[in-house]
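Presented below is the structure to which this report refers.
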Amino acid sequence: MVDLIDDPLVHDTPSSPFSLSSPLSDYIHAESMLREELEAAKTITRAGTDPQTAFKHIATAARTANRVVAVVQGESENSEDPTFKTELASSSQAITAAIAPMVTSAKTCIQQVGNASAHHEFCVKAENLAQAVHDVYNVVDTHYNPPPPPPPPPVEEAPERPPLPAEPELPPRPPSPQLMEAVPLQSVDPIGYAAHKLDKDAKQWEDNEMVATARRMAKLFMQMSKFARGEEGEVRSKKDFINTARMIAKESEDVVKMARKVADACTDKRMKRAILQLVDKLPTISTQLKIIAAVKATRQGGDDAAADREATEMLTDNAKNLMQAVSEVLFATEAATIRVPPEQRATLGLQWVKKGARVF
């Protein structure tokens with residue numbers, strides 16, 4: 001008979017068929033896999049027919065539980081939320097404490113074929129382990145999907161007040177800048193094409209300050225593109241062209257400030273690091289834009305066509321890089337906002353609501 005307690009498969013944490021890379025779905029998969037292995041072991045030990053196969057199922061269940069413990073520890077190291085870290089540590093300890101009793105009772109059950117009491121003890125210890133793994137899911141689920149706040153207490157009805165005098169209607173809020181519906185051809189107008197892509201990415205959400213800023217940047221780039229290609233538009237002079245580049249750089253600075261506020265409040269270290277790496281690019285690209293725009297304005301309409309073409313290519317590459325970076329910052333900031341404690345989200349001034357979705 002193989003000694004399950006001393007078997008290295010029970011205590012090691014090798015790579016397993018599942019990967020706990022997403023916050024919730026793979027925890028569910030881990031629990032399902034664990035329960036399948038334990039149920040198979042229960043069936044075989046009840047019949048007392050194949051101890052080696054029973055051992056394989058028990059060892060796999062123990063390794064799965066150990067794998068969950070390792071991933072929970074990684075989750076804890078990645079978080080800066082002290083409450084979440086404490087709950088994860090408690091859950092991890094509960095799993096670790098349940099593994100050895102399950103293995104010990106399984107060994108006794110396998111050795112004492114037909115002993116109903118031993119089989120019952122194994123079933124109890126197996127359920128304890130499965131429940132401990134399930135409790136981890138509850139901790140993670142509550143952290144990433146906190147329950148909604150309780151409804152406010154009922155307010156006593158106040159006596160009716162006389163109607164207030166009518167107030168003059170306020171003018172409607174100006175809409176976000178709209179770009180032309182037709183998407184420019186990338187081969188003909190690469191800056192305009194990139195501007196439409198940024199605007200399209202930003203339009204996934206209801207307007208907030210960062211979304212509106214990104215859409216203004218897209219519109220300004222579209223204006224620069226028209227002037228650079230010799231078309232009439234809102235940018236009518238070289239001075240306007242340079243000033244538009246400066247306006248874009250200023251909008252980029254605002255994006256950096258807003259994203260850094262979210263990064264500072266985010267409790268997920270990986271997401272915090274991802275945002276900071278993205279926003280660190282923006283000041284450099286924005287500074288380059290102002291320099292390249294000045295060069296392009298100087299060469300626009302000059303006698304040196306090759307120099308003008310070179311300046312246009314530099315402007316195109318810079319504009320595409322900046323708009324791509326801003327788009328990535330939008331998505332990273334939305335994701336990181338979910339990992340900001342609920343009591344701090346309201347202070348950020350950024351509410352991320354996908355169009356047609358609920359507010360979080």
Side-chain angles (χ1 to χ4, degrees), residues 10-38 60-103 124-151 261-276 332-348 350-352 358-360:
V10 174
H11 300 285
D12 287 352
T13 56
S15 58
S16 61
F18 65 92
S19 172
L20 299 183
S21 55
S22 62
L24 298 176
S25 61
D26 286 333
Y27 281 104
I28 297 174
H29 175 60
E31 181 186 353
S32 175
M33 180 177 176
L34 177 76
R35 287 187 179 276
E36 287 179 5
E37 297 296 333
L38 292 175
T60 301
R63 284 189 301 182
T64 301
N66 276 315
R67 175 62 177 160
V68 173
V69 169
V71 175
V72 169
Q73 290 172 347
E75 186 91 45
S76 177
E77 292 171 1
N78 180 59
S79 178
E80 295 181 346
D81 185 333
T83 302
F84 185 43
K85 291 171 73 73
T86 299
E87 292 173 345
L88 287 174
S90 177
S91 298
S92 175
Q93 291 168 4
I95 296 175
T96 302
I99 294 174
M102 183 277 292
V103 174
V124 170
K125 301 303 183 184
E127 180 57 30
N128 289 345
L129 177 58
Q131 184 60 47
V133 172
H134 178 75
D135 289 343
V136 170
Y137 166 80
N138 288 337
V139 169
V140 177
D141 181 42
T142 301
H143 177 69
Y144 291 133
N145 301 302
K261 284 178 62 177
V262 174
D264 289 343
C266 179
T267 61
D268 188 295
K269 294 179 183 178
R270 284 189 294 265
M271 289 188 170
K272 181 194 295 284
R273 186 164 53 249
I275 291 183
L276 295 178
T333 305
E334 182 217 17
T337 303
I338 302 175
R339 310 294 175 87
V340 173
E343 64 274 11
Q344 291 184 255
R345 289 182 193 168
T347 66
L348 298 176
L350 291 176
Q351 194 173 61
W352 295 90
R358 65 181 180 86
V359 178
F360 66 79

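Remember, it's a predicted structure, so these values are computed and weren't measured experimentally. Count residues from 1 along the sequence.
- In terms of the side-chain hydrogen bond (donor to acceptor under 3.5 Å, both in side chains) criterion, Q73 has no residue partners (sequence neighbours excluded).
- Looking at every heavy atom in both residues, K272 comes nearest to C266 through NZ-O, 3.2 Å.
- Annotation for L34 and A130: closest pair CD2-CA, 3.7 Å, computed over non-hydrogen atoms.
- Looking at D264, T333, V340 one by one, the single match for side-chain contact (heavy atoms from CB on, under 4.5 Å) with L348 turns out to be V340.
- Closest approach of I275 to A332, counting heavy atoms only: CD1-O, 3.7 Å.
- Partners of D268 under the side-chain hydrogen bond (donor to acceptor under 3.5 Å, both in side chains) rule, at least two apart in sequence or in another chain, are N78, R339.
- Counting only heavy atoms from C-beta outward, the side chains of K261 and T347 never approach each other to under 4.5 Å.
- Pairs engaging residues 86-101 under the side-chain hydrogen bond (donor to acceptor under 3.5 Å, both in side chains) rule: none recorded [sequence neighbours left out].
- With hydrogens and angles ignored, the 3.5 Å screen pairs no side-chain donor or acceptor of R35 with any backbone N or O of E127.
- Taken to the nearest 0.5 Å, the NZ atom of K125 stands 14.0 Å off from the CD1 atom of I99.
- The NE2 atom of H29 sits 8.5 Å away from the OG1 atom of T64 when rounded to the nearest 0.5 Å.
- When all heavy atoms of V68 and I95 are compared, the pair lying nearest together is CG1-CD1, 3.9 Å.
- With sequence neighbours excluded, the residues forming a side chain to side chain contact (heavy atoms under 4.5 Å, CB included) with A98 are L129, listed by chain and number.
- By the side-chain hydrogen bond (donor to acceptor under 3.5 Å, both in side chains) test, Q131 pairs with D135, sequence neighbours left out.
- With a 4.5 Å cut-off on side-chain heavy atoms, L38 and M102 count as touching.
- The existence of a salt bridge linking R270 and E77 is excluded, since no basic side-chain nitrogen approaches an acidic carboxylate oxygen closer than 4.0 Å.
- In this structure, A265 and P341 approach most closely via the heavy-atom pair O-CD, 3.5 Å.
- Among residues two or more places apart in sequence or in another chain, the salt bridge (charged side-chain N to carboxylate O under 4.0 Å, His left out) test is passed with E37 by none.
- Contact between V140 and F84 at its shortest, heavy atoms only, is CA-CE1, 4.2 Å.
- The shortest distance between side-chain heavy atoms of W352 and I338 does not fall below 4.5 Å.
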